[in-house]
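Report on one structure; see the data block that follows.
This chain uses plain numbering: 1 for the first residue, then up along the sequence.
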Amino acid sequence: VSTLDTKGRYSLKMKAYAIIRGVIKVALKELLEDRGKSLYRLHKDTGIAYTTLLHLNNEDVKSITFEVLEKICDNLECSISDLLKKVPDE
């Protein structure tokens with residue numbers, strides 16, 4: 001579900017249970033490993049708060065803005081579908 005935040009930006013809302021149940025997997029850790037890049041380097045290169053990236057890396061997120069998705073994907077030269085994976089229900 002996309003919603004406008006208080007600054008008029010759209011954000012992609014992911015419900016906490018979706019992350020816990022594993023419906024959406026954030027593959028940031030794998031992408032960083034494949035590219036030989038650290039979380040800290042991604043933070044410095046993109047200007048995204050380190051804590052934001054840490055939460056994404058640990059798959060502990062409830063929402064993510066399109067701006068953050070775009071910065072990560074541009075920097076890692078990947079698509080959103082490389083970063084966010086839908087995992088089938090078991």
Side-chain angles (χ1 to χ4, degrees):
V1 174
S2 295
T3 58
L4 281 175
D5 66 11
T6 57
K7 295 180 182 174
R9 297 178 301 203
Y10 281 96
S11 64
L12 179 64
K13 299 289 183 183
M14 290 185 265
K15 295 183 180 179
Y17 74 82
I19 301 302
I20 293 167
R21 289 182 49 221
V23 174
I24 302 293
K25 174 170 177 32
V26 181
L28 181 58
K29 190 177 293 187
E30 293 84 358
L31 288 170
L32 289 171
E33 286 175 7
D34 288 348
R35 285 151 177 81
K37 192 171 246 192
S38 70
L39 206 57
Y40 180 75
R41 184 77 257 156
L42 183 62
H43 153 69
K44 292 305 259 181
D45 290 347
T46 61
I48 299 170
Y50 185 81
T51 54
T52 298
L53 293 172
L54 188 60
H55 287 295
L56 283 169
N57 198 51
N58 294 333
E59 297 185 63
D60 182 29
V61 292
K62 292 181 183 175
S63 67
I64 183 171
T65 65
F66 290 127
E67 180 182 12
V68 168
L69 285 174
E70 181 181 23
K71 285 181 179 182
I72 291 171
C73 290
D74 285 350
N75 187 269
L76 297 179
E77 297 178 352
C78 68
S79 68
I80 292 172
S81 63
D82 293 329
L83 181 62
L84 302 176
K85 306 273 186 186
K86 184 170 178 1
V87 179
D89 289 333
E90 295 181 354

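Taken to the nearest 0.5 Å, the NZ atom of K85 stands 11.5 Å off from the CD1 atom of I24. Separation of atoms CD (E77) and CG (N75) is listed at 8.0 Å; rounding is to 0.5 Å. Separation of atoms CG (L39) and CG (L53) is listed at 5.0 Å; rounding is to 0.5 Å. To the nearest 0.5 angstrom, L69 atom CG is 5.5 Å from L84 atom CG. Taking CD1 of I72 as the reference point, atom CD of E67 lies at 11.0 Å (rounded to 0.5 Å).
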Practice task
Using the side-chain contact (heavy atoms from CB on, under 4.5 Å) rule, take I48 and L56 through it: C-alpha gap first, then chi angles, then the decisive distance, then the call.
Solution key: CA-CA 11 Å; I48 299 170; L56 283 169; 5.9 Å; no
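S81 is linked by a side-chain contact (heavy atoms from CB on, under 4.5 Å) to S79, counting only residues two or more places apart in sequence or in another chain.
At distances below 3.5 Å, not a single donor-acceptor pair connects side-chain atoms of H43 with backbone N or O atoms of A49.
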Please set out all donor-acceptor pairs under 3.5 angstrom arising from side-chain atoms of residues 27-34, sequence neighbours excluded.
unit_1, atom_1, unit_2, atom_2, d
E30, OE2, K25, NZ, 3.2

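Sorted by first then second residue, the salt bridge (charged side-chain N to carboxylate O under 4.0 Å, His left out) pairs that include residues 42-54, not counting sequence neighbours, are K37-D45, R41-D45.
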